[in-house]
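Written below as structure tokens is the structure these notes are about.
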Number of protein chains: 2
Amino acid sequence: MAKTTTPQKAAAARQRGVTMSDVAQHAGVSRTAVSFVLSNRENASISEETRIRINDAVQALGYRPNAGARALASQRSDWYGLVTEIVTAPFAVDIIKGAQDQAWLDRRFLLIAPSDQADAVGPNQGLEDAAVEKLLEQRVEGLLYAATFHRGVHVPESAHEVPTVLINCFDADGKLPSIVPDERAGGRVAVERLLQAGHSRIGVINLDPRIPAAVGRLEGAREALAGAGLELDPDLVVSGYATADGGYEAACEILDRHPKNQRPTALFCLNDRMAMGAYDAIKERGLTIPGDIAVIGFDNQELIAAYLRPKLTTVALPFEKMGALGVQTLAALTAGQPITADQQLVDCPLLERSSV
Amino acid sequence: MAKTTTPQKAAAARQRGVTMSDVAQHAGVSRTAVSFVLSNRENASISEETRIRINDAVQALGYRPNAGARALASQRSDWYGLVTEIVTAPFAVDIIKGAQDQAWLDRRFLLIAPSDQADAVGPNQGLEDAAVEKLLEQRVEGLLYAATFHRGVHVPESAHEVPTVLINCFDADGKLPSIVPDERAGGRVAVERLLQAGHSRIGVINLDPRIPAAVGRLEGAREALAGAGLELDPDLVVSGYATADGGYEAACEILDRHPKNQRPTALFCLNDRMAMGAYDAIKERGLTIPGDIAVIGFDNQELIAAYLRPKLTTVALPFEKMGALGVQTLAALTAGQPITADQQLVDCPLLERSSV
DNA sequence: CGTCTCAAGTAACGCGAGTTACCTGCAGCA
DNA sequence: TGCTGCAGGTAACTCGCGTTACTTGAGACG
């Protein structure tokens, strides 16, 4: 914080763009010397005295390196590209946060390009060609692709020109490394929590059974039950739309289908929005949470989970961590690590609140 | 879509970096000619024939311009910097979306730099120096600063070196242009809607009365009432924390404070989270929405408003529009329009759902 | 037939840096 | 004295592209 620059001087100078040559002239040395000092060159022989003179000149003139010129000369850009539909469909924003923070730590820049393929199906699903093309024009050293929900995607050819890592989705063609949530472990931990609370009749409000999240979470639920010597009762599993209304309807069905004494005492909702609807169904019937019926969700959508009454116990999707891990993985790849199609599973931690 | 490049060839070539010179050589012309064709130069005299030859060469080699080099040579970068805490505190994400989309349309790139000043108070509130510095090193042509909630911010010196526009906040020093929601009009439209539905005893669940949002929205509410010859009853205004719990408590107070016949028949909640809590308070008392009590919110936080039962009628904060407008304003400034400290107000539209 | 003009294109410089190869002078050593 | 070696630098080339000034050849015109 030892800036001795007078703001006026510095500002005025910057307007016209202070270059290394200006600094060199001011310090009475060659531009090369300045370059050596600024890039902290190991084996450069610059006396302590001139090093100081140069640094002083930098301060005095308010010199600021030109990142573009540096990239051009050094053939390295310090930039990663992030293609994502998250900007378009604001869910899983924490992926961006995690990636941003990690990139910032690594002194790299994230160029974010929007993709609007969230709901696309068919040949063009996945990365958007135009976005990738634009990013490659910026000479990004690597690409990240982040999806709003866990699924398989197709990646365009050009993305293979630089190291690429998928976040919250995986390569349908099985060539690229990816970072995805460990849905199965998450489902297991959720149901284990319910078992631990003494529940044995557990209802499940399922998602569309074809998506990876549903498959994994349900599988995990089965494992947990099996661990307690129980089986998943098909009568207690109802699928619905992934919305509050869907959850409401599914919960109504589960609750009304059975006589009181065979009714489940706990509901595992495969996402928080459905849990939100389930709350309504339960309350409407004069039942209490968690007294009469315990509820556990999945996703940890803060706006819902933290604001429902009672607050919702849920399994969190590790968005931020996945984002950070994506950047770290990409860093390793750009540093020369061989590219494999590994799928890294990230833990989904249980968030205890008040609904169990 | 008439790409005739064979993927293999193009990809291989790109690896080593196809330059303009390569294209020139392939087409049998000078590099200058290629440059002229690619930049669509008005007064360049290039015959149709060679123009085609050059374009063919571009396709054949899979040439991709180097954005950095272009910026260096032309002294213009096509980049805007967006400094924001939204990445850190994912609210108002639609500002980013709006800005992104607009920038994309304008063929400009948005460099997003995180700031974590959301809750900072004091001298360092506002833009983060480091983020701005980093962006200026990238030679962005302008800066945007976006806040998660409407407030005054302080901007560091260096941000004044390039055109800067504030989104969802305003310059506490009164020097920079800004884009903010028209809170007052929003408050007015909300209460007018309630009046129109026949309500005359309207309760208000207020935010911290010191923040601009509260001031504006309440002012608007007063205007609407005045328009109907009514006044705001201080007994019907309760402030609370901007959370569901805060709204719950405030609603309880308003509802229980008065005998049944003097109880308000409608609640204007100054944000949706508080409305969420108010719902609970109302339902707990065996009252229905909107039958017994109408509720109107503010913010249009989709996850809440669209999933509450009944769905919440609310006034939307025009995040996306503000983002787009920010980029447009910045474009005008970088194009040479004089910089003024204008504060542009953006309309907050009413979103009719089912709670009124 | 000589000159002028214009279409069509090219050579060469500069943008702001990184990087390599080279230069200079002084100390040490035989 | 003459040679070597090294600390302390510098000149010059390069990155990929925009841009200005200049060249060349062919047709028009008097």
Side-chain angles (χ1 to χ4, degrees), chain A residues 13-55 57-58 61-79 136-141, chain B residues 13-55 57-58 61-79 136-141:
Chain A
R14 280 171 190 167
Q15 288 292 358
R16 294 198 223 98
V18 179
T19 75
M20 264 194 173
S21 302
D22 299 329
V23 174
Q25 193 172 352
H26 187 98
V29 297
S30 73
R31 199 180 54 65
T32 308
V34 178
S35 177
F36 283 175
V37 168
L38 290 188
S39 52
N40 244 328
R41 228 159 182 271
E42 298 277 325
N43 51 353
S45 50
I46 304 282
S47 72
E48 197 50 30
E49 185 194 349
T50 64
R51 181 184 305 276
I52 291 178
R53 263 220 320 289
I54 290 176
N55 279 324
V58 166
L61 297 180
Y63 168 74
R64 177 154 44 216
N66 181 319
R70 171 178 293 173
L72 180 56
S74 67
Q75 300 285 73
R76 311 183 312 100
S77 72
D78 294 347
W79 293 335
L136 290 177
E137 284 186 9
Q138 310 293 334
R139 295 302 187 267
V140 294
E141 296 191 335
Chain B
R14 279 172 193 167
Q15 288 294 358
R16 294 198 223 99
V18 178
T19 76
M20 265 194 172
S21 301
D22 298 330
V23 174
Q25 193 172 352
H26 187 99
V29 297
S30 72
R31 199 182 51 69
T32 309
V34 177
S35 175
F36 283 174
V37 167
L38 289 187
S39 53
N40 246 326
R41 231 161 179 268
E42 298 276 324
N43 51 353
S45 48
I46 304 281
S47 72
E48 196 51 30
E49 187 195 347
T50 66
R51 180 183 306 277
I52 291 177
R53 260 220 323 288
I54 290 176
N55 280 324
V58 166
L61 297 181
Y63 168 73
R64 179 156 41 217
N66 181 319
R70 171 179 293 171
L72 180 57
S74 67
Q75 300 285 76
R76 312 181 314 99
S77 71
D78 294 346
W79 293 337
L136 289 177
E137 283 186 9
Q138 310 292 332
R139 295 303 188 266
V140 294
E141 297 192 335

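The sequence lines fix the lettering, A, B, ..., with proteins before strands; numbering per chain opens at 1.
Taking every side-chain heavy atom of A:A73 into account, C:dG16 is the closest of C:dT10, C:dC13, C:dG16. With D:dT10, C:dG18, C:dT10 as the candidates, the nucleotide lying closest to the side chain of A:A33 is D:dT10. Counting only heavy atoms from C-beta on, B:R41 has its side chain closest to D:dT19 among C:dA11, D:dT19, C:dG18. If you check C:dG16, D:dC17, D:dA11 against the side chain of A:L72, the one that comes closest is C:dG16.
Between B:M20 and B:S35 the shortest side-chain heavy-atom distance falls below 4.5 Å.
Here the P atom of nucleotide D:dC15 and the CZ atom of B:R70 are 19 Å apart, to the nearest Å. Nucleotide C:dA17 holds its C1' atom 7 Å from the OH atom of A:Y63, rounded to whole Å. Rounded to an integer number of Å, the gap from CZ of A:R31 to P of D:dA11 is 11 Å. To the nearest angstrom, C1' of D:dG18 lies 15 Å from CG of B:N40. The distance from atom CE of B:M20 to atom P of D:dC15 is 15 Å, rounded to the nearest whole Å. Rounded to whole Å, atom P of D:dG16 lies 8 Å from atom CZ of A:R139. One can place CD1 of A:I54 at 12 Å from C1' of D:dT10, the figure rounded to the nearest angstrom. Here D:dG9 presents its C1' atom at 9 Å from CZ of A:F36, a figure rounded to the nearest Å.
Among the protein residues, A:S35 comes within range of the nucleic acid bases, having at least one heavy atom under 4.0 Å from a base atom. Within the nucleic acid shown, B:V34 has no heavy atom closer than 4.0 Å to any nucleic acid atom. Base engagement by A:T32 is indicated by at least one non-hydrogen atom pair under 4.0 Å involving a base atom.
To the nearest 0.5 Å, atom OG of residue A:S21 and atom CZ of residue A:R31 are 5.5 Å apart. For the atom pair OH (A:Y63) and NE2 (A:H26), the distance works out to 14.5 Å, reported to the nearest 0.5 Å. Atoms OG and CZ, on A:S47 and A:R53 in that order, are 7.5 Å from each other to the nearest 0.5 Å.
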Give me, pair by pair, the N or O atoms of the protein and of nucleotides 4-8 of chain D that are less than 3.5 Å apart, along with how far apart they are.
residue : atom : partner : partner atom : Å
D:dG8   : N7   : A:S45   : OG           : 2.6

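Under a 3.5 Å cut-off, the side chain of A:S30 and the backbone N or O of A:A33 do form a donor-acceptor pair. With A:N55 contributing its side chain and A:I52 its backbone, the two residues share no donor-acceptor pair below 3.5 Å.
Within the structure, a side-chain polar atom (N or O) of B:Q75 is placed less than 4.0 Å from OP1 or OP2 of C:dG16. For C:dG18, the OP1/OP2 oxygens have no side-chain nitrogen or oxygen of A:S74 closer than 4.0 Å.
Within 6.0 Å of the CD atom in B:E137, the count of heavy atoms belonging to other residues, nucleotides or ligands exceeds 12.
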